[in-house]
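Predicted model, so just to flag it, every value in this text is computed and none were measured.
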Amino acid sequence: MASSDEYTALQKYISTYRDPRAADAAENQVKDTDEKKPKAAWQFWKSGNADQAGDKDAGVVPEEWLEADIKQGLTTAQVEERRRRCGFNEISTEKENLFIKFLMFFTGPILYVMEVAVLLAAGLRDWIDFGVIIAILLLNAAVGWYQEKQAADVVASLKGDIAMKAIVIRQGQEQDIKARELVPGDIVIIEEGQTVPADARLICDYDTPEEFERYKELREQHALNPEEDPAGSEEKEGEDFEEGVAHQGHSIIATDQSAITGESLAVDKFMGDTVYYTTGCKRGKAYAVATTSAKFSFVGRTATLVQGAKDQGHFKAIMNSIGTALLVLVMFWILLAWIGGFFRHLKIATPEASDVNLLHYTLILFIIGVPVGLPVVTTTTLAVGAAYLAKQKAIVQKLTAIESLAGVDVLCSDKTGTLTANQLSIREPYVSEGEDVNWMMACAALASSHNIKSLDPIDKVTILTLKRYPKARDILKDDWKTEKYTPFDPVSKRITTVVTLRGDRFTCAKGAPKAILNLSECTKEQADFFKEKATEFARRGFRSLGVAYQKNNEPWVLLGMLSMFDPPREDTAQTIVEAQQLGVPVKMLTGDAIAIAKETCKMLALGTKVYNSQKLIHGGLSGTTQHDLVERADGFAEVFPEHKYQVVEMLQQRGHLTAMTGDGVNDAPSLKKADCGIAVEGASEAAQAAADIVFLAPGLSTIVFAIKTARQIFQRMKAYIQYRIALCLHLEIYLVTSMIILNETISADLIVFIALFADLATVAIAYDNAHSEQRPVEWQLPKIWVISVILGIELAIATWVVRGTMFLPNGGIIQNFGNIQEVIFLEVALTENWLIFVTRGANTLPSWQLISAIFIVDVLATIFCIFGWLWHGIDGGLHTKPYPNPLGGYYWKQTPHGWTDVVTVVVVWAYSIGVIIILAITYFCLNLVPGLADLGRKNRSLHDTQMENIIGHLSKLALKHEKDEHGESRFVLATKSTDEDDED
């Protein structure tokens with residue numbers, strides 16, 4: 001019998017309760033002192049956890065490990081030994097070797113070509129080029145490796161914030177630990193409201209530890225249940241255990257396995273039964289022994305199957321497409337250069353000291369035609385974006401998911417916790433005539449669980465609503481004692497509590513209106529009015545709970561009805577409007593009744609075309625009609641996980657890129673099926689493992705914010721790719737034409753620095769202030785190529801103009817003295833570096849990081865030009881006498897030592913600014929051309945009526961096995977029966 005302390009604790013809870021979300025910011029600042037000291041960034045050889053122990057026997061737990069005493073538990077030494085073998089109790093992806101990951105930044109078609117260029121430079125004994133190309137490769141690898149690692153560290157630290165907790169017996173004491181620290185053989189305490197922290201075998205009730213002796217006897221007799229499939233049938237278990245040892249004694253606890261099996265009722269668990277990782281305990285408190293680690297649990301094995309292969313998907317295909325096209329182009333220009341060289345009778349590799357030979361031409365074109373920074377800059381941009389999203393409580397599990405999220409054009413969202421606050425509130429209750437509202441609220445609180453550590457949402461809101469009813473709280477301050485509490489029973493559909501007060505016995509009940517009405521003995525008029533009120537509440541989308549009580553053996557008294565509603569989040573309506581403006585309509589998928597779903601949609605201005613999921617599955621619709629329903633619907637009610645999968649599949653068949661939110665193990669297939677699977681706040685570990693992005697903050701606004709951020713990241717990558725293609729074409733066109741026409745080229749030593757400067761400057765694009773498109777984005781490769789080719793041709797023309805002026809008797813662009821190579825080098829470096837300001841667009845100002853990086857390399861390029869660095873002149877004299885040019889005339893104001901006067905440098909800077917202005921006008925005009933706006937954009941609403949109808953009809957057919965008149969087996973096509981349809 002419970003003491004009055006129970007009600008004292010309840011009063012204190014009502015008075016002191018604070019919404020835990022309000023304290024999140026403060027709690028996040030507190031370091032977990034239990035965490036081990038993190039390894040230093042340079043200690044890449046350390047694994048950081050017990051995964052080094054090896055997986056050979058990690059999933060096989062010796063039976064003697066499961067024999068710990070429930071009062072003593074494991075020792076520290078036993079825990080450490082088992083962790084070395086089994087690792088931590090968590091579902092995690094395989095740890096990457098950081099050194100191997102670094103080496104992977106040297107792989108890929110583009111990088112292989114640059115590695116060939118290294119060998120070519122070594123063969124030509126061009127040691128400056130050899131060293132600089134290696135430096136470029138190392139720089140790209142180091143930057144990419146560091147940025148990815150930094151992003152991964154941010155994500156890992158955030159994942160630690162959502163760690164599940166567990167209560168274990170160790171060293172003879174109860175200890176609160178993180179669930180990941182459990183090891184097989186740990187004695188775990190599982191109680192109502194907790195999440196089961198590992199697959200475990202039930203031992204005995206917490207209040208009857210003496211049952212442990214019986215458990216040990218049964219274990220020695222091998223009479224306990226083996227680990228069964230949670231979805232397995234009871235009949236099968238009965239066959240296996242004919243003597244009745246399948247279930248020992250009475251039910252100890254009940255667990256909610258709906259996330260695994262889909263069954264809505266809590267499952268009773270007996271001595272020796274297995275309780276499953278991530279399921280919820282709905283009733284009772286018990287000792288259990290952890291039988292395996294999370295990786296080898298039922299849920300862990302499911303998550304492993306869902307994870308599948310490491311697929312980089314669409315993004316990798318796009319990068320490979322661009323890289324392959326550029327490689328083909330560079331081979332084309334090399335071919336042209338060799339053809340021109342043959343006509344000019346050039347040697348393959350001689351003279352050694354000159355760049356005018358075919359292999360030097362090849363080396364130069366390899367360096368400028370292969371964008372070595374393309375894989376690293378795009379990866380860095382994604383990694384920096386992922387780290388930023390992580391700080392906004394969105395964990396990106398694979399970088400390519402950012403690209404998918406940027407292109408999403410339909411968002412299928414949960415209602416509870418995403419569109420709504422997941423905080424039930426009680427509106428004004430209905431009170432039966434002649435009854436007191438305070439007594440009704442007190443009875444409702446009595447008919448609730450009083451385990452304040454793990455209150456059901458309905459019980460929680462019932463108890464906390466007493467803040468509005470001080471007199472009801474005064475009633476509870478009396479000398480109440482609880483004799484019996486019966487949790488919600490899906491058959492009777494009510495909660496009942498038997499309490500006593502000064503010798504009187506009260507039975508208080510709370511539950512479904514119809515179930516409570518059946519208890520009472522009210523008049524027909526009262527009953528009719530009660531039913532009308534329940535109908536009215538349902539029509540308004542409220543969840544109704546009837547309240548009644550019985551004193552001693554007197555008749556039941558109907559007190560009234562509570563109306564509960566999960567209100568929309570304050571920002572949801574505005575966020576939905578914002579999402580629609582971004583071209584992402586929101587479809588609500590909820591397990592609630594259709595009346596509640598429609599009421600929520602009205603409050604959110606979401607549209608009221610909400611259908612029962614049965615209309616989708618069993619409404620007689622198929623083919624095009626079914627697809628049209630899904631595309632037009634604003635939402636579906638009474639949805640199960642399999643319905644989510646079907647909705648995603650149909651939207652994808654229509655050409656939509658779909659994002660799907662989910663939280664349970666059964667959501668994993670639809671999360672994996674969606675173009676971007678989103679695990680919402682509070683999602684199970686299996687759902688998190690299946691999702692592309694895991695959100696740690698509630699609400700739709702976090703998802704919409706992530707979409708906008710993803711589009712900004714996409715814009716940075718697109719700007720860089722347009723820039724890089726134009727750069728490659730610029731120098732390929734100019735150098736090959738100059739090789740053919742003038743039999744000259746820019747020095748290979750200067751070329752490698754042009755490539756180095758381009759990569760150094762544009763790594764900062766990852767930190768740029770990009771804008772977010774107002775519609776879903778996608779890789780419009782034809783448009784990107786058209787714009788880049790035009791920009792590249794304009795750049796080549798601009799360089800030829802500079803080169804052409806130097807044939808003039810007045811020296812052209814050279815004012816006092818200068819050098820052709822260095823002046824061309826400066827013009828190329830400036831115009832190429834500044835091109836990124838054009839391709840990034842003018843919607844936002846560039847970031848200081850980008851401006852600073854480009855300014856630094858521009859200063860370096862200017863110094864190169866002024867002092868003639870890396871130019872090997874004929875002599876070191878300071879003279880400007882004319883000398884012959886290839887066209888039969890003379891160059892004027894040329895200095896063989898390579899120096900250039902400051903006035904000429906200023907003129908080159910001014911000229912380059914003019915070129916960039918022309919390029920910016922060109923870029924702006926091209927983006928206004930109607931034919932280019934949608935060039936390469938896919939149709940997001942495909943209607944293949946014929947194919948959809950064929951598939952619809954085929955889905956109604958099944959293979960039927962039968963025997964002919966001769967007894968021979970055969971399979972025939974037959975129409976599915978109604979039962980089969982229901983199962984599907």
Side-chain angles (χ1 to χ4, degrees), residues 101-120 133 136-141 143-145 147-148 310-335 362-383 398-400 402-404 713-733 735-736 751-752 754-756 758-760 762-763 765-766 778-789 791-792 832 835-836 839 936:
K101 188 172 184 178
F102 178 74
L103 293 180
M104 293 305 292
F105 282 97
F106 296 95
T107 62
I110 290 174
L111 292 155
Y112 292 149
V113 172
M114 285 302 285
E115 286 151 16
V116 169
V118 170
L119 299 177
L120 185 56
I133 295 171
I136 291 172
L137 289 169
L138 287 171
L139 174 71
N140 278 285
V143 169
W145 178 85
Q147 292 290 0
E148 277 204 28
K310 294 180 181 177
D311 178 26
Q312 299 216 9
H314 187 245
F315 178 74
K316 186 177 181 182
I318 292 293
M319 292 300 104
N320 286 343
S321 167
I322 294 169
T324 302
L326 289 173
L327 287 177
V328 170
L329 271 175
V330 79
M331 296 309 295
F332 167 76
W333 292 111
I334 288 172
L335 179 62
T362 303
L363 175 62
I364 288 168
L365 289 171
F366 269 161
I367 293 168
I368 57 95
V370 179
V372 65
L374 179 64
V376 173
V377 172
T378 50
T379 300
T380 298
T381 303
L382 288 171
K398 60 178 183 179
L399 291 179
T400 54
I402 294 174
E403 181 223 4
S404 302
I713 296 165
F714 182 92
Q715 178 62 28
R716 293 183 190 117
M717 290 191 295
K718 190 179 80 168
Y720 173 76
I721 287 168
Q722 284 183 324
Y723 156 87
R724 208 63 183 83
I725 293 173
L727 258 58
C728 292
L729 289 168
H730 168 207
L731 283 175
E732 285 168 347
I733 294 169
L735 290 175
V736 172
I751 283 291
V752 293
I754 287 175
L756 178 62
D759 284 341
L760 275 174
T762 51
V763 164
I765 190 70
E778 58 184 275
W779 292 107
Q780 296 174 254
L781 287 184
K783 179 181 177 181
I784 288 173
W785 275 101
V786 168
I787 292 175
S788 299
V789 168
L791 294 177
E832 289 198 346
L835 180 64
I836 194 65
T839 59

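Classification of the W779-F714 ring pair by plane angle, with boundaries at 30° and 60°, yields tilted. The aromatic rings of F106 and F102 stand perpendicular to each other, their planes meeting at an angle above 60°, with 30° marking the opposite boundary.
Here the straight-line distance linking atom CD of Q722 with atom CE of M717 works out to 12.5 Å at 0.5 Å rounding. The line from CD1 of I334 to CG of L365 is 5.5 Å long, rounded to the nearest 0.5 Å. I725 contributes atom CD1, which lies 10.5 Å from atom OH of Y720 (distance to the nearest 0.5 angstrom).
Across L382 and I402, no two heavy atoms sit closer than the pair O-CD1, 3.5 Å. Counting all heavy atoms, side chain and backbone alike, L326 lies closest to W785 at CD2-CH2, 3.9 Å. Heavy atoms only, all atoms of each residue included: I751 and I368 are closest at CG2-CG2, 3.3 Å. The minimum heavy-atom distance between L835 and A726, with the atom names listed, is CD2-CB, 3.6 Å. For the pair T107 and L111, the tightest heavy-atom approach, listed with the atom from each and the gap, is O-CD1, 3.1 Å. Contact between V370 and R724 at its shortest, heavy atoms only, is O-NH2, 4.5 Å.
Qualifying salt bridge (charged side-chain N to carboxylate O under 4.0 Å, His left out) partners for R716, counting only residues two or more places apart in sequence or in other chains: none. For F366, there are no ring pair (Phe, Tyr, Trp, His ring centres under 6.0 Å) partners at least two apart in sequence or on another chain.
Counting heavy atoms from C-beta on, the side chains of V113 and V330 never come closer than 4.5 Å. You'll find the side chain of L329 stays beyond 4.5 Å of the side chain of C728, heavy atoms only. Side-chain contact between I322 and I784 is absent, with no heavy atoms from C-beta onward closer than 4.5 Å. Looking at heavy atoms from C-beta onward, I367 lies out of side-chain contact with I136 at the 4.5 angstrom threshold. With contacts defined as side-chain heavy-atom distances shorter than 4.5 Å, the pair T839/I836 qualifies. Between V786 and V789 there is no side-chain heavy-atom pair separated by less than 4.5 Å. Two residues are said to be in side-chain contact when any heavy atoms from C-beta on lie closer than 4.5 Å; Y723 and L727 meet this criterion. Inter-residue side-chain proximity for L137 and M114 is flagged as met; some heavy-atom pair is nearer than 4.5 Å.
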- prompt: Can you check side chain to side chain contact (heavy atoms under 4.5 Å, CB included) on H730 and L791, steps first, answer last?
  reply: CA-CA 8 Å; H730 168 207; L791 294 177; over 6 Å; no

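Not a single donor-acceptor pair under 3.5 Å links the side chain of T324 to the backbone N or O of S321.
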